Amino acid sequence: MDKNNNKQPVKFNWLYLFWVLCILVLLNGLLFPVVGGAGVESTDYGTFIQRVDSGLVSKVQIKDNDIFYTILRQGKEQQCETPEVNDPQLTERLLNAPGKNAASKISFTQVPQQRNSPLMDFFLWWILPGILFYWLWSYASKRLVSGSGGGNFLQFGKSGAKVYAENSVKTTFADVAGQDEAKDQLMEIVDFLHHPGKYALMGARLPKGALLVGPPGTGKTLIARAVAGEAKVPFFAISGSEFVQMFVGMGAAKVRDLFNQAAAKAPCIIFIDEIDAIGKSRDAAMGNDEREQTLNQLLTEMDGFDATKGVVILAATNRPESLDKALLRPGRFDRRIQMELPDLEGRKAILKVHLRDIRHGDIDLDIVGRATAGSSGADLANIVNEAALRAVKLGKKEVDTTDLEESVETVIAGEQKKSAVIAPDERRIISYHEIGHAMVAALQSHSAPVQKITIIPRTSGALGYTMQVDAGEKHLMSREEMLNRIATLTAGRVAEEVICHTCTTGASNDIEQATRMARAMVTVYGMSDHFGMMQLEEVRNRYLGGNASLTCSAQTAAQIDEEVRLLIRQGKEKATKLITAHLEEMQEAAAILLQKETITGEEFMQVLKKHGDA
């Protein structure tokens, strides 16, 4: 951490508290003096009158709306106190009352209320409290601006960025795997920061900014830290949401302060995570609000600093389509670096990185890599951690391949619900449902091989599942493969209807996936004979699940629904033919699954080979 930016926790100053308490005690003594003191008995007015009439009172003093009197108790004088009451007969009663003996009377006096001089009142009521409150406000303001003192204070005008010195960031490109293309592009920035002279000789200038774009969990923040770790320069990290404040102008002030700090520490790297929080596209409805002012200030600052000083801006987002066009133009963000989900080799490399800190034996990374298709780097890190937790729970000394395979299923479908009690009739339906999926998948060409079949319930709500794993990495799906996939999805319901003569709610997820795939074939991929290569649906936020919206008329939308229905019906008819033709294999495989609860793809294929189907 840089010495200038290393904010040590401020210890509470007890001396300040001591002086504040002394001043408060002094004010209380001056404004509210203590008259009675210890050893004074408090009584009511009636008791006082009774003691006066009984001759027990020897001395009375009236002061500040209180009556202080002395009585003789067991040969000793006792001081007593009672509040003054508007009693017109009090003076006459005291004059006529007997004293402590018959020869004496009560002596009483009334002390007039003391009044301070006007100058003293002005000092006590105005000057002294004003000085005290001014000192307290000055002390609190310093803590408020500096953000220290152990509290969650607002930092008015301060960026709030986490500043890491050149030696504080330990992450390097060796800790980033599965993003080789992104590392190659960012390596040029690192080399420029190390050797600016050779680029200046050629007339090349350093890119002002690089925008990291990709799905969540692909390592955008990690690779930004790796750039700072490789370049050995100060690293300013801040989230886009931290610029947004409830006070107008605070966001713009934070932007100015961030770039001022960066200019003082140049060469350095600024990283703004989730920049879409302030960089959304401006429109007529925005007006002059706080977010637009912050964006305008960011645009101005990115134009204002000199790229030759070595200030590089890295930003990350999951929604690049929502960013303002002025923010994306060359001269601000010169590069757009895609951080896509890793392929097979990338997943294996990421697994190696995370396994470095895990005690493990010989692990078949190819099996685990193929089983985790579509997983991000964060997903793979979670899978490795779940495998380590499982190994500890089972008392193993190291993690093996079975731990990783089970952790993949845990992340995808949840933990096994071993305590769940399922009726025999339902277990039979579930087993035929899963065997139906596996049977249709195995009997079709251009279909992923079956890896595992189980009827053990999972915490995600699945009562069983059939896992298919492609033999290699696939980047494209043909129309035939998609139709085969739809047929496989409908096979569970077909098996229930053909063999069990019923249909259950267990096919709800299959129906959802089959409908989504069939609709995408019609509206996005142009695989419909009726519509052909016509875009009927626009996909937005593709890195965040992909929200689709139709771009056609209501009449066309009705025709789309009909096309989707036809594709699903064709898949179901195909699955019905395959299952009806192989009922004997279905019965045998379901019996084995009911007995073991989980079978591998090899055991299932042995059943098909016995009947000459494989």
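Keep in mind that this is a model prediction, so the values were computed, not measured. Residue numbers count from 1 along this sequence. All heavy atoms count here, side chains included; hydrogens, waters and symmetry mates do not.
- Salt bridge status for Lys596 with Glu603: present, with a side-chain N to carboxylate O gap under 4.0 Å.
- By the 6.0 Å contact criterion, CD on Glu602 is open, its count of non-hydrogen atoms from other residues, nucleotides or ligands being 12 or less.
- Between Phe235 and Phe271, the two ring planes are parallel [angle under 30°; tilted spans 30° to 60°].
- For Lys220 and Asp273, the salt-bridge test fails: no basic side-chain N is under 4.0 Å from an acidic carboxylate O.
- The neighbour count for Lys183 NZ, taken as heavy atoms of other residues, nucleotides or ligands under 6.0 Å away, is above 12.
- A salt bridge (Lys or Arg N to Asp or Glu O under 4.0 Å) with Asp403 holds for exactly one of Lys397, Arg390, Lys393; it is Arg390.
- Within the 4.5 Å cutoff, the side chain of Leu583 has heavy atoms near those of the Val498 side chain.
- A salt bridge is absent between Arg225 and Glu230; no separation between the charged side-chain nitrogens and carboxylate oxygens falls under 4.0 Å.
- Salt bridge Arg370/Asp366: present, at least one basic N to carboxylate O contact under 4.0 Å.
- A 4.5 Å side-chain heavy-atom check between Phe604 and Lys452 finds every atom pair outside the cut-off.
- With 3.5 Å as the limit, one finds a donor-acceptor pair spanning the side chains of Asp510 and His433.
- Ion pairing between Lys610 and Glu585 fails under the 4.0 Å rule for side-chain N and carboxylate O.
- Within a 6.0 Å sphere centred on CZ of Arg359, heavy atoms belonging to other residues, nucleotides or ligands number 12 at most.
- A distance of 11.0 Å separates CG of Asp184 from CD of Gln179, quoted to the nearest 0.5 Å.
- Heavy-atom minimum distance, Pro342 versus Gly178: CB-O, 4.2 Å.
- Here Arg458 pairs with Glu406 in a salt bridge; the nearest charged N to carboxylate O distance falls below 4.0 Å.
- Residues Met477 and Met482 share a closest heavy-atom pair of CE-CG, 3.9 Å.
- Of all the heavy atoms in Pro216 and Asn318, the pair that sits closest is N-OD1, 3.8 Å.
- At a threshold of 4.5 Å between non-hydrogen side-chain atoms, the residues Val368 and Leu351 count as touching.
- With 3.5 Å as the limit, one finds no donor-acceptor pair spanning the side chains of Gln444 and Arg485.
- Side-chain polar atoms of Thr317 and Asp276 form a donor-acceptor pair below 3.5 angstrom.
- A donor-acceptor contact closer than 3.5 angstrom links the side chains of Thr523 and Glu537.
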*For salt bridge (Lys or Arg N to Asp or Glu O under 4.0 Å), just list the numbers for Arg347 and Asp343, CA-CA rounded to whole Å, side-chain angles, deciding distance to a tenth of an Å, and then say yes or no.*
CA-CA 6 Å; Arg347 293 194 296 275; Asp343 56 10; over 6 Å; no

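- The shortest distance between side-chain heavy atoms of Arg427 and Leu594 falls below 4.5 Å.
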*asked:* His354 vs Asn385, test: side-chain hydrogen bond (donor to acceptor under 3.5 Å, both in side chains). Steps then yes/no.
replied: CA-CA 9 Å; His354 292 298; Asn385 185 63; over 6 Å; no

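- Salt bridge annotation for Arg516-Glu512: present, with a cationic side-chain nitrogen under 4.0 angstrom from a carboxylate oxygen.
- Using a 4.0 Å cut-off between charged side-chain N and carboxylate O, Lys572 and Glu497 make a salt bridge.
- The two atoms that bring Ala371 and Val408 nearest to each other are O-CG1, 3.8 Å, heavy atoms only.
- For Asp334 and Lys208, the salt-bridge test fails: no basic side-chain N is under 4.0 Å from an acidic carboxylate O.
- When all heavy atoms of Ser478 and Met527 are compared, the closest pair comes out as C-CE, 4.4 Å.
- When the shell of 6.0 Å around NZ of Lys198 is examined, it contains more than 12 heavy atoms from other residues, nucleotides or ligands.
- Atom CD of Gln595 is surrounded by 12 or fewer heavy atoms from other residues, nucleotides or ligands within 6.0 Å.
- Thr504 places a side-chain heavy atom less than 4.5 Å from the side chain of Ile429.
- Between the side chains of Glu538 and Thr551, not a single donor N or O lies within less than 3.5 Å of an accepting N or O.
- Taking the side chain as every heavy atom from C-beta outward, Ser447 and Gln468 approach each other to under 4.5 Å.
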_As a quick check of understanding, evaluate side-chain contact (heavy atoms from CB on, under 4.5 Å) for Arg319 and Lys280, giving each step before the final call._
CA-CA 9 Å; Arg319 300 188 294 171; Lys280 288 183 180 179; 3.3 Å; yes

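- Applying the 6.0 Å contact sphere to CD of Glu321 captures more than 12 heavy atoms from other residues, nucleotides or ligands.
- Under the side chain to side chain contact (heavy atoms under 4.5 Å, CB included) rule, Ile486 has a single partner from Arg569, Met521, Lys574, which is Met521.
- The minimum heavy-atom distance between Ile453 and Val450, with the atom names listed, is CG1-CG1, 3.8 Å.
- Of the candidates Ile430, Thr454, Ile455, Leu593 forms a side chain to side chain contact (heavy atoms under 4.5 Å, CB included) with just one, namely Ile455.
- Counted by atom type alone, Thr410 and Glu386 present zero donor-acceptor pairs between their side chains at under 3.5 Å.
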*Show your working on side-chain hydrogen bond (donor to acceptor under 3.5 Å, both in side chains) between Glu434 and Thr466 and close with a plain yes or no.*
CA-CA 6 Å; Glu434 299 303 333; Thr466 301; 2.9 Å; yes

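- Taking 4.0 Å as the cut-off between side-chain N and carboxylate O, Asp175 and Arg356 count as a salt-bridged pair.
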